[in-house]
Amino acid sequence: MSYDTQPKGSHFIDGAYVEDTAGTPIEVIYPATGEVIATVHAATDAVIEQALDSARRAQAEWAATSPRERGRVLTRAAQILRERNREMSELETRDTGKPLQETLVADATSGADALEYFGGIAAGLTGEHIPLGEDWAYTVREPLGVCVGIGAWNYPTQIACWKAGPALACGNAMVFKPSETTPLCTLKVAEILVEAGLPAGLFNVVQGAGPVGAALTTDPRVAKVSLTGSVPTGRKVYSAAADSLKHVTMELGGKSPLIVFDDASLEDALGGAIMANFYSSGQICTNGTRVFVQKGLRERFVQRMAERMKGAVIGDPLDEATNFGPLVSARQMEIVEGYLKIAQDEGARCVTGGERIDRPGYWMTPALFDGVTDDMTMAKEEIFGPVLSVLEFDDEDEVVERANTTTFGLAAGVFTRDISRAHRVIGRLEAGTCFINSYNDAPVEMPFGGVKMSGVGRENAKAAIEHYSQVKSVYVRMGAVEAPF
Ligand code: NDP
């Protein structure tokens, strides 16, 4: 392969690439072909130590830097990221297999949005003045210290920037561990931040699998852990972090409902359902994988969906005409295939797709299932693949109850032309991130996160600031101190 994907070192610490070949080798595989495109090494204890030590040293000075200057560095990094969008997008495509048509608009660009947004608000982060008669109090918003970010493999650049942006704006340092499946892009983000003027040590990247994440999570020097991953991993990381009462943000999985009433614009609802199930080959946490369609519309919905799915252009992800890529790994493909087998056994009707494509890499056609019922495994568990399940419903109360019958609560959507019903239904759905007549938009200005088992805390928007800073309250007495003796 002519494109040079091998990074200069596995890790990025204290402003430079670092290698330690004593760590377990991790092969980076291009999901579209199955080829090994790079090899990195998992962080050894020495590398983890170096990363945490440099972060701790750098953080104190960064916290004392004026917020305006911190913001300026982030906005500069956003600009560089945008200038390199094509290069970054091609790397992201090789790292994840997602089509370039997507990565050009949804990864480095979304990362740049986050750096720009938090860069922009850094100087405006202030405390409060609280009048108390003669006395008064004030609050100071302080950084937490060293924060750890742990990422999933579906949006490596975006996840790194969504965590780095608010962390750095608030004056923290971050040590980031990407998923071992997609280790490449975060290193580039670290390079760009330094190029933009971020002092060495404030954004360090260490590679490795779960044990490296676990070592970071339990280290006493770490004040906060922000994880994007599955619920089982979230439970482990949350409880490990609780031992030393660390702050946490947990962005976890979902099994989100997308409700289509029979008065909805059919083509818009279909578009929403496509975005909610097939973008990134269905590997998106917020996906609306339980598509509840009202009885009168169900048949037409399924028929038109099958027609629209013929528009999937499956092919070389680096060809911008391709709009549907492979799954991220052989393992993920096996997981999805396992769910498809269970779906057939449990009596769901496969309308189209779900077949393995005979070519190197991890390819499968997008799948549409009809006749799915609430008790089926595919309606209960997160599949994380291109599988759309259609469930029929009669009325509003029924669908709200069924939609909420899940331990997850990440996202939810509703398609209807009845404006009152749209807001009423969204108001009753137990989900953190909701959409009306749309699906899967994630602008940085809007808080993002889940309720119930889907997460704790929020990313993006001003809400993220609460999770990367802490408030110090100061009481100021203006007169004499009265004391009993
Ligand atoms: P995993 O939960 O398997 O892994 C997430 C990250 O945690 C990886 O970097 C992983 O390392 C690391 N990890 C695993 N075990 C531990 C541990 N004990 N301590 C610390 N870190 C650990 O998720 P996937 O990478 O498979 O991503 C898919 C999941 O992520 C889906 O469930 C999806 O819903 C969720 N997700 C949630 C999003 C959200 O914002 N809500 C967004 C995107 C995805 P490694 O994999 O290298 O072993």
Side-chain angles (χ1 to χ4, degrees), residues 10 23-24 26-28 40-43 48 95-96 98 106-107 110 114 148-163 175-184 186 205-219 222 225-243 246 248-256 279-289 327-329 331-336 381-385 407-411 431-433 440 442 447-460 464:
S10 296
T24 312
I26 299 169
E27 288 187 335
V28 187
V40 295
H41 294 268
I48 295 171
D95 219 0
T96 61
K98 293 191 293 178
D107 293 279
S110 162
V148 160
I150 302 176
W153 41 255
N154 57 348
Y155 278 79
T157 304
Q158 182 190 80
I159 292 170
C161 293
W162 281 18
K163 297 187 192 308
V175 177
F176 192 91
K177 188 202 85 66
S179 163
E180 62 175 321
T181 310
T182 53
L184 301 179
T186 319
V205 178
V206 295
Q207 308 291 354
V212 173
L216 293 168
T217 304
T218 47
D219 193 283
V222 171
V225 182
S226 174
L227 169 82
T228 298
S230 60
V231 171
T233 304
R235 295 172 95 141
K236 276 191 230 160
V237 174
Y238 198 176
S239 65
D243 200 45
K246 291 178 174 37
V248 294
T249 298
M250 295 282 142
E251 294 293 356
L252 309 177
K255 188 75 208 172
S256 302
Y279 204 69
S280 302
S281 298
Q283 303 165 119
I284 299 184
C285 52
T286 40
N287 272 356
T289 47
L327 291 167
V328 76
S329 63
R331 167 100 191 99
Q332 194 59 24
M333 184 140 111
E334 279 161 24
I335 292 172
V336 178
E381 295 183 17
E382 184 180 46
I383 300 177
F384 228 59
T407 53
F408 295 108
L410 186 53
T433 309
N440 263 349
F448 177 90
V451 301
K452 292 157 80 176
M453 293 295 280
S454 290
V456 174
R458 290 292 175 269
E459 296 202 296
N460 286 345

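Counting starts at 1 for both ligands and their atoms, following the listed order.
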* To do: Would you sort out whether Val456 and Leu252 count as a side-chain contact (heavy atoms from CB on, under 4.5 Å), showing the intermediate values?
  => CA-CA 9 Å; Val456 174; Leu252 309 177; over 6 Å; no
* To do: Could you walk me through whether Trp162 and Phe448 pass the ring-ring contact (aromatic ring centres under 6.0 Å, His included) test, one step at a time?
  => CA-CA 10 Å; Trp162 281 18; Phe448 177 90; 5.2 Å; yes
Among all protein heavy atoms, pick out the one at the shortest distance from [atom]; state its residue, atom name and that distance to 0.1 Å.
atom                    : answer
atom 23 (O) of ligand 1 : Ser230 N, 3.5 Å
atom 17 (C) of ligand 1 : Gly210 O, 3.7 Å
atom 28 (C) of ligand 1 : Phe384 CE2, 3.7 Å
atom 12 (C) of ligand 1 : Ile150 CG2, 3.6 Å
atom 46 (O) of ligand 1 : Ser179 OG, 3.7 Å
atom 43 (C) of ligand 1 : Asn154 ND2, 3.1 Å
atom 41 (N) of ligand 1 : Leu252 O, 2.6 Å

Note, [X] side chain near [Y] side chain (heavy atom, < 4.5 Å):
X      : Y      : result
Val148 : Lys177 : no
Asn154 : Ser280 : no
Leu216 : Val206 : yes
Leu410 : Met453 : no
Asn440 : Asn287 : yes
Ile150 : Thr217 : yes
Ile284 : Tyr155 : yes
Thr228 : Lys163 : yes

Please work out which of [options] has its closest non-hydrogen atom nearest to [atom].
atom                    : options                        : answer
atom 1 (P) of ligand 1  : Ile284, Val148, Ile383, Thr233 : Thr233
atom 47 (O) of ligand 1 : Met250, Glu180, Arg235         : Glu180
atom 8 (C) of ligand 1  : Gly151, Ala152, Gly213         : Gly151
atom 45 (P) of ligand 1 : Glu251, Glu459, Lys177, Gln332 : Lys177
atom 35 (C) of ligand 1 : Cys285, Gly229, Gly149, Gly253 : Gly229
atom 34 (O) of ligand 1 : Gln207, Lys236, Glu382         : Glu382

Which of the atoms of ligand 1 are close to [X], meaning less than 4.0 Å from one of its heavy atoms?
X      : answer
Trp153 : 24 (P), 25 (O), 26 (O), 27 (O)
Gly208 : 47 (O)
Leu227 : 6 (C), 7 (O)
Phe448 : 40 (O)
Ala209 : 11 (O), 45 (P), 47 (O), 48 (O)

* Asked: So which bit of Thr228 gets within less than 4.0 Å of ligand 1, heavy atoms only: side chain, backbone, both or neither?
  ->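 Within the 4.0 Å criterion, Thr228 contacts ligand 1 through backbone and side-chain atoms alike.
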* Asked: Counting only heavy atoms, which portion of Val231 has something under 4.0 Å from ligand 1: side chain, backbone, both, or neither?
  ->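 Neither part.
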* **Close approach, Pro211 and ligand 1, non-hydrogen under 4.0 angstrom** =>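 Under 4.0 Å: no for Pro211.
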* Sub-4.0 Å heavy-atom contact, Tyr155 with ligand 1 ->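 For ligand 1, residue contact (heavy atoms, under 4.0 Å) with Tyr155 is absent.
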* **Nearest heavy-atom neighbours spanning Ala411 and Thr286** =>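 Minimum heavy-atom contact is CB-O, 3.6 Å.
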* Are Ser281 and Lys98 linked by a side-chain donor-acceptor pair shorter than 3.5 Å? ->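 No, because no side-chain N or O of Ser281 sits under 3.5 Å from a partner of the opposite role on Lys98.
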* To do: Look only at the side chain of Ser454 and the backbone of Gly409, and say whether a donor-acceptor pair between them is shorter than 3.5 Å.
  =>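 Yes; at least one donor-acceptor contact below 3.5 Å.
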